[in-house]
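Since we're looking at a predicted model, the values are computed, not measured. Numbers restart at 1 for each chain; the letters A, B, ... are given by sequence-line order, proteins then strands.
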2 protein chains.
Amino acid sequence: MRKVTIADVAAQANVSKSTVSQYLNKRYDYMGEKTKEKVKAAIEELGYQPNIVARSLKQKSTKTIGVIVANILHTFTTEVTRAIEDFCNGSDFHTIICNADDDPDKEKHYIEMLRAKQVDGLIIFPTGNNRELYQRMLDDQYPVVFLDRSVQDIPVSAVLLDNEKASQLAVDHLVQKGYEKIGIITTSIINHITPRLERIQGYEEAIRKHGLQLNENYVKSAEPSEIQDRLNELLNLDTPPEAIVAGNDLVLIEVLKYVKQNHIRIPEELAVIGIDDVSFASFYTPAITTVAQPTFKMGKMAAEVLLDKISKKKIKDDRPDFRFEPKLMVRDSV
Amino acid sequence: MRKVTIADVAAQANVSKSTVSQYLNKRYDYMGEKTKEKVKAAIEELGYQPNIVARSLKQKSTKTIGVIVANILHTFTTEVTRAIEDFCNGSDFHTIICNADDDPDKEKHYIEMLRAKQVDGLIIFPTGNNRELYQRMLDDQYPVVFLDRSVQDIPVSAVLLDNEKASQLAVDHLVQKGYEKIGIITTSIINHITPRLERIQGYEEAIRKHGLQLNENYVKSAEPSEIQDRLNELLNLDTPPEAIVAGNDLVLIEVLKYVKQNHIRIPEELAVIGIDDVSFASFYTPAITTVAQPTFKMGKMAAEVLLDKISKKKIKDDRPDFRFEPKLMVRDSV
DNA sequence: CTGAAAGCGCTTACAG
DNA sequence: CTGAAAGCGCTTACAG
C-alpha cells in the first residue's frame, strides 16, 4: 500500500500543498470555510496521516526526549521513568528509554545515538565517566538534565534526593528506638556515585550528632552479589551491629535474603531499615520501615526542567541542583 | 552552535556530498584510499554526526519500533519490555514504550502517533477494543505482533503464555498437597482479556480432571481495588476455600495484604499460589509458591518475530500464535 | 485568502 | 572512482 502524502490530499482537495499544511497546523486565520471543508474531506477520504519524520526534519524538533538510566533494575529508576513518561506524554513528547547498565561505553553509545536521532533533549542518570561528552553537550547548549546523580565540575542541573537527610532520618529513627550499634551497607562506591557517597556521609554525621562511636567496620560497600558476604562479616564481628541501614532497594533485598536463610528475627535480633520504599514493604512480614524517595515528583521535575530548557532554547542553569526531601515510613522492622 | 552537515564535511574534504555519504554507509567498493582518508579527517575535525531523521525520511525506515503495553504496573510487563529492549538494542533498533493504561482511547492515540512517527513496527499488548485499527494495520501489511493477549478474529501473530497450563500446574500442585477446596481470583474479565479467561478455563478443567466439585462461588474476578472485598466474601462462605490461586501479581499482592491484615497463617489456614513469579517470592515469609512465565524468552520472541517481519517486508502469518510453557516454582506457601 | 518555490539533511540511481 | 541532480514529505516566508 502506497503511503498517502500531503500531495495526494492537495490533489484530491484541489488546493496546494501549502494550504493542506496550513490546515494541518491549524493556521486557520485566513482560510476560507469551503477550503477548510474540502481539505478535511480529502484527508478523511484518503485516511491521510502526516509523516512526522518529514516534519521533524524541517522543524528541527522531534518532540522526543531520550532518557538514559544507569540501571533499570532499581525500583527508583522504573518509578522515576514512569513519571517522566507520564509528564512528557501530557506535553505531547515521546520518550526513548535506554539502559546504560552502569557501563560508560554504553552510555556514550546511547548519548551519541540519541543525539543523532535528533531527540530534543536528554535526561541522564550519569555513570560519571563520560566527562568530555557531558562537557560537549554543555558547550553545544544542548538541553540535558541529570537525575539521581550529579557529576563533579559539570554544571548540568541535577534532580537529586537529599541523600544525607535520608540516612539521617534512618539513623535518627534507629537511635530513638534505642539502637546504638548501627551499620550501613551500600552498593559499590568505586565510581563515586553521588547518592551512595552522600548516604554514607549522612550516616556518619548522624552517628556523630548522636554522640555515638563511629565504627568504620560498620560501613560496607559492595556489588549486590557480594553483599551476603559483607553481611556475614558484619554480623560475625566481636560486637556486631544490632541494626542495619540498607543503602538502596537492591541492598535491602540481599539483607532480607540473608536474614531468611540464617533464621534471624527482625527486629528482635536485627533491626532493618531501607532507603527506597520497595513495593512489598507494607505487606512483608514484618512490614519494612523505609525511607521513601518522592520518585514521582522527582521524575516530573526532571521532565519539567528539561522541557523548559527545550522550549526556551536558552539553557541557563542558575540553579543547577534540585534537592528532594526523603520521608520516613515507619513500619515494623525497627 | 550551528549543526555541521554532510555539506560542511564535503566542503572541508573537497569532495561531493555523495562521496561523504558513500563513506558513511561504508560503501568503500570504489573509493580511493586518499579520498577515504580525507573524508575521515574532515568528519573528525568537524565533529560531524549524521542526522538520522534526514536519513530516515529518505530511507523510509526509522530503525525504531513502538511497544504499547496495556498496563505497565505488572511485573510481567516490565520484564518483557526489558527483554524487548535488550533484543532490539542488539539489532540497533530503538524502542519507544507507551502505556495504554488499559484504555482503548489511549491505545488508539499511541498507535496513530507511533505510526505517524514512522516506527517500523509495533508490539502491542492489545486492549482488544480497537478492532478497526488492528484490522487496518493488517490491511496495510504493517508489521505488528501481539503480546500476552490475542484478539478474536484478528490474525496477528501473538506471543502468549500457555495460560490454561499455568492454572493447571497450580491446581495440580494444590491437589497433590491434599487440597480440595480451591478458589481462584483474577483481575476483571469484563473486557475478555485472553490470559484471564484462559486461566479460569484451565482452572476449571483441572478441577474437573481431578474429580473435584466445581464451585462457581470459588471463582472471582474484580478490579484490584475490589479484590479485598471479594476475598472477604470468599473466606466467609459456609465452606470457604482452603487454597487460593492468585491470577496474577497484582492479585497476589492484594491477597497477601488481606492475609496480613487478618492475621491468617499461610499455608496453615490458607494455601496461596500465584501466577507470575514476583520479585519477592523467594524471600517473603513464607516464601511464595508461584507459576513463573518465561518473560525474558517471550519478550525476545516478540521482538524477533517483529524484526523479522520488518526485514522481510512480507508479513505472512502462517503460524500466528506462539505459546510458552509456564513453570511451577515450589516454595513454602503451599 | 491561496499557491509556487525553496529548503530541511540525507541517499541513490546514473552519467562520465 | 567521483559528482550533479532528483527526491524523501513536509513547512514557511513571500508574492499576489
Side-chain angles (χ1 to χ4, degrees), chain A residues 1-43 46-64 112-113 115-120, chain B residues 1-43 46-64 112-113 115-120:
Chain A
M1 182 221 53
R2 235 189 90 268
K3 281 266 177 185
V4 6
T5 75
I6 205 172
D8 303 317
V9 176
Q12 173 87 7
N14 244 301
V15 297
S16 74
K17 293 193 298 170
S18 321
T19 304
V20 177
S21 178
Q22 309 283 19
Y23 176 86
L24 291 171
N25 292 287
K26 306 208 189 327
R27 279 198 248 288
Y28 300 140
D29 317 6
Y30 298 103
M31 197 173 300
E33 255 326 303
K34 337 71 182 309
T35 315
K36 241 194 282 193
E37 298 283 296
K38 280 192 299 181
V39 175
K40 181 153 181 266
I43 286 175
L46 300 174
Y48 170 73
Q49 285 283 97
N51 179 328
I52 295 190
V53 171
R55 173 182 299 167
S56 297
L57 177 59
K58 184 65 189 176
Q59 293 191 153
K60 294 167 170 310
S61 152
T62 52
K63 297 279 252 172
T64 305
E112 287 173 346
M113 195 61 181
R115 289 198 64 182
K117 274 189 100 112
Q118 313 298 118
V119 299
D120 296 339
Chain B
M1 181 222 55
R2 232 189 91 269
K3 280 268 176 182
V4 4
T5 75
I6 206 173
D8 303 317
V9 177
Q12 173 89 4
N14 244 301
V15 297
S16 75
K17 292 192 299 170
S18 321
T19 303
V20 177
S21 179
Q22 310 283 19
Y23 176 86
L24 291 172
N25 292 287
K26 306 207 192 324
R27 280 197 248 288
Y28 299 141
D29 317 7
Y30 298 103
M31 198 172 299
E33 257 324 306
K34 337 74 183 308
T35 317
K36 240 195 281 195
E37 298 284 296
K38 279 192 300 182
V39 175
K40 182 156 183 265
I43 287 175
L46 300 173
Y48 170 73
Q49 285 283 96
N51 179 329
I52 295 190
V53 170
R55 172 183 299 167
S56 297
L57 178 59
K58 184 66 188 173
Q59 293 192 153
K60 295 168 171 309
S61 152
T62 51
K63 297 278 254 170
T64 305
E112 289 173 346
M113 196 60 179
R115 289 198 64 183
K117 274 189 100 112
Q118 313 299 116
V119 299
D120 297 338

Any [X] side-chain nitrogen or oxygen under 4.0 Å from OP1 or OP2 of [N]:
X     : N      : result
B:T5  : C:dG9  : no
A:K60 : C:dG9  : yes
B:Y48 : C:dC10 : yes

Chi angles and distances behind the side-chain hydrogen bond (donor to acceptor under 3.5 Å, both in side chains) call for A:T19, A:S16: CA-CA 5 Å; A:T19 304; A:S16 74; 3.3 Å; yes
Counting any heavy atom closer than 4.0 Å, what does B:V53 reach on the DNA or RNA strands: base, sugar-phosphate only, or nothing?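 The answer is nothing, as B:V53 stays clear of every strand by at least 4.0 Å.
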Rounded distance in Å - [atom1] ([X]) to [atom2] ([N]):
X      : N      : atom1 : atom2 : result
A:I43  : D:dC10 : CD1   : P     : 10 Å
A:K63  : D:dC10 : NZ    : C1'   : 16 Å
A:L57  : D:dG7  : CG    : C1'   : 12 Å
A:Y23  : D:dC10 : OH    : C1'   : 17 Å
B:N14  : D:dG3  : CG    : C1'   : 13 Å
B:I6   : C:dC8  : CD1   : P     : 14 Å
A:K117 : C:dG9  : NZ    : P     : 18 Å
B:Q118 : D:dC8  : CD    : C1'   : 11 Å

Nearest listed nucleotide, side chain of B:N51, among C:dT11, C:dG9, C:dC1: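 Among C:dT11, C:dG9, C:dC1, the one nearest the side chain of B:N51 is C:dG9.
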Nearest listed nucleotide, side chain of B:R55, among D:dG3, C:dT11, C:dC1: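 That would be C:dT11.
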Should D:dA13 form a Watson-Crick or G-U wobble pair with both distances under 3.5 Å, which nucleotide is its partner?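 Across all strands, not a single nucleotide pairs with D:dA13.
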G-U wobble or Watson-Crick pairing nucleotide for C:dA4 (cut-off 3.5 Å, both distances):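 None - no nucleotide pairs with C:dA4, as no candidate has both distances under 3.5 Å.
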Output one line per pair: protein atom, nucleotide atom from nucleotides 12-16 of chain D, and distance, for all N/O pairs under 3.5 Å.
{"residue": "D:dT12", "atom": "OP2", "partner": "A:R27", "partner atom": "NH2", "Å": "2.4"}
{"residue": "D:dT12", "atom": "O4", "partner": "A:S18", "partner atom": "OG", "Å": "3.4"}

Begin from the C-alpha positions of B:E112 and B:R115 and carry the test salt bridge (Lys or Arg N to Asp or Glu O under 4.0 Å) through to its verdict. CA-CA 5 Å; B:E112 289 173 346; B:R115 289 198 64 183; over 6 Å; no
Between B:E37 and B:K40, does any NZ, NE, NH1 or NH2 come within less than 4.0 Å of an OD or OE carboxylate oxygen?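 No, this pair does not count.
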Can you measure from [atom1] ([X]) to [atom2] ([Y]) and round to the nearest 0.5 angstrom?
X     : Y      : atom1 : atom2 : answer
B:K63 : A:M113 : NZ    : CE    : 7.5 Å
A:R55 : A:L24  : CZ    : CG    : 6.5 Å
B:N25 : B:Q59  : CG    : CD    : 6.5 Å

If I compare all heavy atoms of B:Q12 with all of B:L46, which pair ends up nearest, and what's the gap?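 Scanning both residues completely, I find the closest heavy atoms to be CB-CD1, 3.9 Å.
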